[in-house]
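The next block holds one structure in the form of structure tokens; read it before the comments.
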Number of protein chains: 2
Amino acid sequence: MEPSPESPSCERARRLRSDAEQNRERIVEAARAVYRREGLGGSMAHIARTAGVGIATLFRRFPDRSELVAAVFEDAMEANLAAAVEARGAADAWEGFSGYIETVCGLQAENRGFAEVLTMNFGSAKGLERRRQEAFDAFLELIDRAKAAGRLRADFTPEDFLILLMANAGVLGAAGDAAPEASRRLVGQMLRAFAAEGSGDLPPSPSPKRLLRGIVRRRRASGAASA
Amino acid sequence: MEPSPESPSCERARRLRSDAEQNRERIVEAARAVYRREGLGGSMAHIARTAGVGIATLFRRFPDRSELVAAVFEDAMEANLAAAVEARGAADAWEGFSGYIETVCGLQAENRGFAEVLTMNFGSAKGLERRRQEAFDAFLELIDRAKAAGRLRADFTPEDFLILLMANAGVLGAAGDAAPEASRRLVGQMLRAFAAEGSGDLPPSPSPKRLLRGIVRRRRASGAASA
DNA sequence: ACACAACCGGACAGCCCATTCCACTTGGCT
DNA sequence: AGCCAAGTGGAATGGGCTGTCCGGTTGTGT
């Protein structure tokens with residue numbers, strides 16, 4: 001008989017000692033904060049320091065960076081899935097379609113790490129990829145419904161959505177302080193392009209000065225532009 | 001009397017010794033290649049190695065990274081300026097407007113470093129910033145003409161263009177092998193959003209497989225997603 | 001209370017990077 | 001031919017990062 005693998009927080013392999021479990025959570029929390037601010041480029045060493053644990057502890061618990069990423073963003077991906085499912089149930093097909101896109105891009109805007117996660121593939125992280133796939137499936141239904149309702153252009157493809165996620169991540173990374181407005185503006189423009197008919201208002205542009213200031217600010221922050 | 005500061009290639013401060021000038025050119029050429037492939041994140045050491053010169057030589061000639069970037073991309077920025085000026089002279093205002101946008105985004109697609117340069121500010125590099133400003137001024141005229149012709153939406157702002165450059169850089173960085181198609185598709189969508197009327201065809205989406213493969217590929221290459 | 005497996009964190013090795021320093025070489029002028 | 005300022009490359013310094021090792025600590029079941 002194995003010591004019932006369920007209870008505490010999840011389906012972890014064989015249950016950790018209580019202090020280890022606490023450390024694990026401190027690590028995930030620290031990584032969450034670091035990734036949100038700095039993107040997935042944040043270093044293991046920095047995360048360990050932030051969590052107040054030794055480096056070895058981090059590597060013992062998460063031998064591979066992608067495992068940590070998966071642990072950190074499973075809840076954000078769950079939020080994404082929930083948004084897709086809710087949108088699928090919306091009465092108005094276009095409302096569902098456009099609302100979902102706005103929500104996802106908003107999640108990206110709030111969290112630089114998640115913006116990157118949405119444009120990458122983590123084959124090994126099953127929970128993450130399952131949720132991503134389910135959300136995507138729901139989105140495919142949204143597409144069909146919005147097209148059937150004559151609100152979405154017939155030439156829209158699911159890849160257009162992925163491209164928008166990449167584009168939005170780029171804007172968020174480049175626009176500095178003005179990122180939220182710039183992102184909303186981008187999404188508004190893209191929705192206009194996707195819509196079959198004369199579509200409504202656009203969110204306002206960031207002011208020239210704000211956008212410029214954001215650009216300048218990035219000079220020292222980036223790892224390339226990082227790259 | 002000073003030894004006539006003009007002749008060789010440019011208005012450099014006081015003319016280098018011939019071997020030094022040759023090294024300078026080898027450095028710029030190496031940096032051009034590295035930046036094109038890897039973006040501005042490419043390391044000084046790597047560039048020096050590629051150029052076949054000592055590290056000190058690189059730092060003596062370009063004490064600040066941004067000076068090297070300026071030297072490398074002055075010609076690309078000149079091409080950008082030329083495209084803007086030519087577009088300003090186009091007979092059809094919308095052709096000029098949309099053609100210029102396609103050209104600039106194409107320059108980004110060909111050169112990862114330049115894609116980043118276009119979303120950053122290098123206050124100290126006067127030649128670069130002057131050309132950028134002149135190109136932008138020409139673009140402002142394009143906007144006015146296209147709006148006056150009723151082809152460009154009245155709510156288009158110059159910031160929309162900057163946002164598109166950032167978005168395009170993001171797509172190029174994230175889409176891997178499928179980047180060229182993804183970029184063209186993004187530009188086509190945005191032009192649709194900008195156009196006042198029913199606009200024409202869209203470039204095709206990259207196939208789902210291609211786009212996905214690009215995403216996966218990026219896993220090891222990126223410095224963060226550097227950015 | 002005890003023993004031991006699980007766990008901890010600092011130290012360390014190996015890498016890459018930016019930046020400075022310095023002893024040596026060389027182009028160009030006389 | 002010979003001088004010397006200009007120029008050179010490599011070594012050295014100091015930093016950060018990943019990933020592993022190991023002597024010591026602690027939770028936990030008995």
Side-chain angles (χ1 to χ4, degrees), chain A residues 1-5 7-8 12-28 30-31 34-35 37-69 219-227, chain B residues 1-5 7-8 12-28 30-31 34-35 37-69 219-227:
Chain A
M1 277 279 169
E2 305 186 351
S4 76
S7 46
R12 202 109 51 248
R14 237 182 162 75
R15 188 138 160 208
L16 297 171
R17 225 169 68 176
S18 66
D19 55 340
E21 177 63 31
Q22 192 176 3
N23 274 336
R24 206 195 97 99
E25 262 150 40
R26 283 209 282 168
I27 288 170
V28 171
V34 169
Y35 287 158
R37 256 181 301 114
E38 308 177 16
L40 304 187
S43 78
M44 293 298 217
H46 182 193
I47 291 169
R49 256 175 280 135
T50 305
V53 306
I55 308 205
T57 301
L58 198 171
F59 277 99
R60 199 173 322 106
R61 211 52 66 203
F62 301 98
D64 195 325
R65 182 191 213 84
S66 67
E67 296 175 39
L68 177 55
V69 170
R219 278 218 304 167
R220 261 295 134 212
S222 135
S226 193
Chain B
M1 276 274 171
E2 305 186 349
S4 77
S7 46
R12 203 109 52 250
R14 234 184 164 75
R15 188 138 162 207
L16 297 172
R17 224 169 68 177
S18 66
D19 55 340
E21 177 63 32
Q22 192 176 3
N23 275 336
R24 205 196 99 99
E25 262 149 39
R26 283 208 283 167
I27 289 170
V28 171
V34 169
Y35 286 158
R37 257 182 298 116
E38 307 176 17
L40 304 187
S43 78
M44 293 299 218
H46 182 192
I47 290 168
R49 255 176 281 135
T50 304
V53 305
I55 310 217
T57 301
L58 198 172
F59 275 96
R60 198 171 327 102
R61 211 53 66 204
F62 301 100
D64 196 325
R65 180 191 214 83
S66 66
E67 296 175 39
L68 178 54
V69 170
R219 279 217 305 168
R220 261 294 134 211
S222 133
S226 148

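In what follows, chains carry the letters A, B, and so on, assigned in the order in which the sequence lines appear, proteins first and then strands, with residues in each chain numbered from 1.
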Work out which heavy atom in Val53(B) is nearest to a heavy atom in Arg26(B); give both atom names and the distance.
CG1-NH2, 4.4 Å
Separation of dG9(C) atom C1' from Arg49(A) atom CZ, nearest Å, is 14 Å
Can you tell me how far CG of Leu58(B) sits from CZ of Arg49(B), rounded to the nearest 0.5 angstrom?
11.5 Å
To the nearest angstrom, the CZ-P distance between Arg65(B) and dC17(C) comes to 11 Å
Show your working on side-chain contact (heavy atoms from CB on, under 4.5 Å) between Ile47(A) and Leu68(A) and close with a plain yes or no.
CA-CA 11 Å; Ile47(A) 291 169; Leu68(A) 177 55; 4.0 Å; yes
Approximate separation, where rounding is to 0.5 Å, of Thr57(B) OG1 and Phe62(B) CZ:
11.5 Å
Treating primed atoms plus P, OP1 and OP2 as sugar-phosphate and everything else as base, which nucleotides of nucleotides 23-30 of chain D get B, S or - for protein heavy atoms under 4.0 Å?
---BSS--
Which heavy atom in Gly54(A) sits nearest to a heavy atom in Ala48(A), and how many Å separate them?
O-CB, 4.2 Å
Once side-chain contact (heavy atoms from CB on, under 4.5 Å) is applied, do any residues pair with Ala56(B), and if so which ones, sequence neighbours excluded?
Arg60(B)
Starting from the first five and the last five pairs of the helix from dA1(C)-dT30(D) to dT30(C)-dA1(D), work out the angle between the resulting helix axes, to 10 degrees.
0°
Distance in angstrom units between Asn23(B) CG and dG27(C) C1', rounded:
13 Å
Qualifying residues under side-chain contact (heavy atoms from CB on, under 4.5 Å), relative to Ser18(A), sequence neighbours excluded
none
CD1 of Ile55(A) to NE2 of His46(A): how many Å apart, nearest 0.5 Å?
12.0 Å
Is there side-chain contact between Arg24(B) and Leu16(B), with at least one heavy-atom pair below 4.5 Å?
yes
Between Arg26(B) and Met44(A), which is nearer to the 5' end of DNA chain D once each is assigned its nearest nucleotide?
Arg26(B)
Distance check needed: dT18(D) C1' versus Ile47(A) CD1, whole Å only.
12 Å
Using atom CD of Glu21(A) as one end and atom P of dA6(C) as the other, report the distance to the nearest whole Å.
16 Å
Below 4.0 angstrom, which residues in residues 52-63 of chain B have at least one non-hydrogen atom near DNA chain D?
Val53(B), Gly54(B), Ala56(B), Thr57(B), Arg60(B), Arg61(B)
How long is the straight-line distance from CD of Glu21(A) back to CZ of Arg61(A), given to the nearest 0.5 Å?
8.5 Å
What pairs with Gln22(A) under side-chain contact (heavy atoms from CB on, under 4.5 Å), at least two apart in sequence or on another chain?
none
For Leu68(A) and dG19(D), give me the distance from atom CG to atom C1', rounded to whole Å.
15 Å
